[in-house]
Amino acid sequence: MPVWINKSYIGRFAPSPTGPLHLGSLYTALASFLQARSRHGKWLLRIDDLDTPRNIKGSADSILKTLDAFGLHWDDSVVYQSQHLGIYDEILDKLAKNKLVYPCSCSRKTLTAIYSGLCRNKQSPRNSPYSLRIKTDERIISFDDELQGLISHNLALQHGDFILKRKDRIIAYQFAVVIDDDRQQVNHIVRGFDLLESTPRQIYLQKTLGIATPGYMHVPVIIDEQGYKLSKQTRATAVDVRTPEAVIFGLLKLLKQNPPRELQHAPSTEQLNWAIDHWDPALLKNSRAISSGFQ
Ligand code: GLU
């Protein structure tokens, strides 16, 4: 039974401040908002701003303003990962004491896609840059995604010992997300299909740290005419905040919610209220990518 079933629902949206919100991220935000609100749950907002070289000045504020303009109001205060950097290091120290993480100074050249554990038993020189990796084993990690069904990965074979802290001293996404979702007591995660591959690693970390595993729902990603995921890399344009009702109506169609035509020109708050009452994520079952069609 999923852990959240007898508890009140706490969901979240956790964008990285690497540019303004584009249609693809607003789509995920809307799905996670509707899922939380339809369960009378909380919807938290966290800015994942640890990867400082990728951060773009001003984008965190612009993301908050855009969500507000679309009526996606969050609960509690916004959490910024960069505001509690000490916590990650404390937990890393504990893992190191238990010999679960180790330093690795392998260069990109010696690295293959799946790390072989070369530095596991080496005394890595601490005077050259090193990353911290967690030891994995051949355990199968499985979870039942609400839309994508049963997912099983063999961590050692499919991912190898993965990085918790990078050589540039930046805390890796896989680790930070697990710590923060737990700190915020998030018990249900709705996010894009592109992150499905990361989930078994995060569940492995939860198990290692004795943290409860939330429920997961990976919604399809929005793709452009060439089949590429809308992202900052593909130069997806920022959503147009001047016409929230057109954008929300279009997104509800992309979420396969079949909004009634009479709602097309209604204020976005009215559209959102309809969507909360009628939210049926099962209509997205097994779908991994959806073509935007409108922009
Ligand atoms: N910050 C991540 C991103 O923007 C998402 C984190 C998550 O939902 O787990 O891609």
Side-chain angles (χ1 to χ4, degrees), residues 1-15 21 23-46 63-64 66-79 143-149 151 177 181-182 184-196 199 212-222 239 244-290:
M1 183 192 285
V3 288
W4 46 268
I5 226 136
N6 291 318
K7 285 204 218 151
S8 50
Y9 182 109
I10 305 181
R12 52 73 160 170
F13 177 54
L21 267 195
L23 199 71
S25 18
L26 192 62
Y27 178 84
T28 311
L30 181 58
S32 125
F33 172 87
L34 292 174
Q35 179 74 357
R37 293 298 183 232
S38 65
R39 304 284 183 99
H40 309 286
K42 272 193 171 190
W43 190 60
L44 307 179
L45 185 61
R46 186 179 70 233
I63 290 172
L64 302 189
T66 307
L67 291 172
D68 233 9
F70 282 99
L72 301 187
H73 305 302
W74 56 92
D75 298 304
D76 303 349
S77 6
V78 181
V79 167
F143 71 101
D144 200 6
D145 187 87
E146 264 191 72
L147 295 179
Q148 312 298 338
I151 310 290
V177 78
D181 285 330
D182 181 56
Q184 295 183 272
Q185 295 177 34
V186 169
N187 51 26
H188 202 113
I189 293 177
V190 177
R191 60 186 178 193
F193 182 80
D194 53 321
L195 289 171
L196 184 87
T199 305
T213 293
Y216 286 98
M217 179 191 284
H218 289 85
V219 298
V221 292
I222 302 293
V239 277
E245 59 296 329
V247 177
I248 295 286
F249 192 81
L251 286 174
L252 290 175
K253 288 209 289 195
L254 293 177
L255 285 166
K256 301 193 179 173
Q257 298 301 299
N258 309 314
R261 272 188 42 198
E262 318 74 270
L263 216 61
Q264 189 158 9
H265 301 292
S268 54
T269 42
E270 203 176 304
Q271 296 177 343
L272 288 176
N273 287 338
W274 176 89
I276 293 168
D277 289 346
H278 295 83
W279 174 238
D280 183 5
L283 297 168
L284 291 169
K285 246 189 188 339
N286 299 321
S287 106
R288 301 169 161 207
I290 287 179

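Residue indices begin at 1 and follow the sequence shown. All values below come from the heavy atoms of this structure, side chains included, with hydrogens, waters and symmetry mates left out. Only a predicted model underlies this, so the values are computations on that prediction, with no experimental measurement involved.
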Which pairs with one or both residues in residues 262-283 pass side-chain hydrogen bond (donor to acceptor under 3.5 Å, both in side chains), sequence neighbours excluded?
-> Gln35-Trp279, Trp274-His278
Please check if the side chain of Tyr27 supplies one atom and the backbone of Leu254 the other of a donor-acceptor pair under 3.5 Å.
-> yes
Report the residues that fulfil side chain to side chain contact (heavy atoms under 4.5 Å, CB included) with Ala69, sequence neighbours left out, ordered by chain and then residue number.
-> Val241
Taking only residues two or more places apart in sequence or in another chain, which ones pass side chain to side chain contact (heavy atoms under 4.5 Å, CB included) with Lys256?
-> Leu283, Leu284, Ser287, Ile290
Closest non-hydrogen atom pair between Leu272 and Leu34, with its separation | O-CD2, 4.3 Å
Heavy atoms only: give me the nearest Pro214-Ile189 pair and the separation to one decimal.
-> CG-CD1, 3.8 Å
Quick one: list whatever passes salt bridge (Lys or Arg N to Asp or Glu O under 4.0 Å) with Asp68, sequence neighbours left out.
-> none
Indicate yes or no: at least one non-hydrogen side-chain atom of Asn187 is less than 4.5 angstrom from one of Gln185.
-> no
Output all residues satisfying ring-ring contact (aromatic ring centres under 6.0 Å, His included) with Phe33, sequence neighbours left out; order by chain, then residue number.
-> Trp43
Is the shortest heavy-atom distance from the side chain of Phe143 to the side chain of Thr213 under 4.5 Å?
-> no
Hey, does Asn286 have a side-chain heavy atom less than 4.5 Å from the side chain of Leu147?
-> no
Residues two or more places apart in sequence or in another chain: which of them pass salt bridge (Lys or Arg N to Asp or Glu O under 4.0 Å) with Asp144?
-> none
Is there a side-chain contact between Leu26 and Leu67, using heavy atoms and a 4.5 Å cut-off?
-> yes
Flag side-chain contact, heavy atom, 4.5 Å: Leu44 against Ile10 = yes
Heavy atoms only: give me the nearest Ile63-Pro15 pair and the separation to one decimal.
-> CG2-CG, 3.9 Å
Using side chain to side chain donor-acceptor pair (under 3.5 Å) as the criterion, list what pairs up with Gln148, not counting sequence neighbours.
-> none
Partner residues of Arg37 under the side chain to side chain donor-acceptor pair (under 3.5 Å) criterion, sequence neighbours left out = Asp75
Output the distance between atom CG (Leu21) and atom CG (Leu72), rounded to the nearest 0.5 Å.
-> 9.0 Å
Do you know the tightest heavy-atom contact between Glu245 and Pro267?
-> CB-C, 4.5 Å
Leu30 and its side chain to side chain contact (heavy atoms under 4.5 Å, CB included) partner, picked from Val247, Leu255, Val219 = Leu255
So how far is it from His218 NE2 to Ile151 CD1, rounded to the nearest 0.5 Å?
-> 8.5 Å
Identify, with sequence neighbours excluded, every residue that meets salt bridge (Lys or Arg N to Asp or Glu O under 4.0 Å) alongside Arg12.
-> Asp181
The ring-ring contact (aromatic ring centres under 6.0 Å, His included) partners of Phe193 (sequence neighbours excluded) come to none
Separation between NE2 of His188 and OG of Ser32, rounded to the nearest 0.5 Å = 9.0 Å
If every non-hydrogen atom of Ala36 is compared with every non-hydrogen atom of Lys42, which pair is closest and at what distance?
-> CB-O, 3.6 Å
